[in-house]
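These notes are about the structure you will find just below.
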Amino acid sequence: MEPKQDIVRAINDQRDHLSKGHKKIADYILEHSEDASFMTAMELGKTLGVSESTVVRFASRIGYKGYPQMQEALQQYTKSRYRTVAAPELSEKTFDTWGVIASVFQSDMEKISEAMEKLSEARFAYTVDLLLSADHVYIVGLRNSAPLASFLYFYLNMIRPDVVLLNTTAATELFEQMLHIGSKDALVAISFPRYSIRTLKAMEMAKDQGASIVALTDSDHSPMTMYSTVELYARSNLNSVADSLVAPMCVLNALIVAMCLKAPERVTKELKALEYAWDNYQVYSHDEINRIDIDAGFGVQKEKPDE
């Protein structure tokens, strides 16, 4: 087979005849082509929990002389796909505004539907109980996962105490913030291809300290499953230069709603305390003080809710 042969077609041609181990490699390559294209046979095997020789045999099984030839084909496929997605040649005649809207919305709806199918009710319920019962909840999501981590932190901090958002650009600072994590704590780690090494290192440290770890990632092939206690899956990839966060955001939103429903009295108490702080310190007041504000009671403290 020529090195530049379309690897996707090569895999699909042989898929029905592949062994279980080889299908695992095929699925990973199709879902994570960019990551796999730069892995050695040993690294790919370690990521998937199979031997290096199994990876080499897979390359031969789908028609390549060896792993280097398959890797070259994979790199060519990744480059051509990136050029098509990231640098489209569009003109006013070819650009279809509504077509873009429909395509993106349809893609996101499919990802949400897929996330629902993959979401395990038992794992979800376990995660809800874990996030309610942990002494401290640490959250890490870097790079493209940072908005998801911030979203979860904002709402968890409203419904339970002792929530820590790990937000740093240096691995050393990350570990400093996790210095006191222990067996009664939980870490929520969020990462999608390309996976953050710092997030994986944070998970490794949390596991060494005995903490429970929730991984929100794209599939059971994710390297995050090596350290996680429980996994929740949702895809974030989109055929564009920007990642779609809609499906993982739905998972996080469902977690927050479920926590509120599971512990309503506890959540109500936290929200009342928060509302007291907002009202007492005029958090949502106008920036300027005038006579109307004074007459309306600006600066008059409300009674603090019962502890």
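Values in this document were obtained by computation on a predicted structure and should not be read as measured data.
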Atom of Y138, atom of H180 and distance for their closest heavy-atom approach: OH-C, 4.1 Å

Note, D27 side chain near R15 side chain (heavy atom, < 4.5 Å): yes

Matching residue for R61 among H22, H17, Q14 - test: side-chain hydrogen bond (donor to acceptor under 3.5 Å, both in side chains): Q14

Nearest heavy-atom neighbours spanning Y67 and M39: OH-O, 2.7 Å

Donor on one side chain, acceptor on other, S228 and E231, under 3.5 Å: yes

Note, V140 side chain near I190 side chain (heavy atom, < 4.5 Å): no

Close side-chain approach of P248 to F192, heavy-atom, < 4.5 Å: yes

From CA spacing to verdict: side-chain hydrogen bond (donor to acceptor under 3.5 Å, both in side chains), S191, T199: CA-CA 7 Å; S191 189; T199 298; 4.7 Å; no

Between S219 and S222, a side-chain donor and acceptor under 3.5 Å: no

Taking every non-hydrogen atom, the tightest pair across L174 and R198: CD2-O, 3.4 Å

Salt-bridge criterion met for E204 and K201 (N-O under 4.0 Å): yes

Residue pair D218 / K118: nearest heavy atoms and the distance that separates them: O-NZ, 3.9 Å

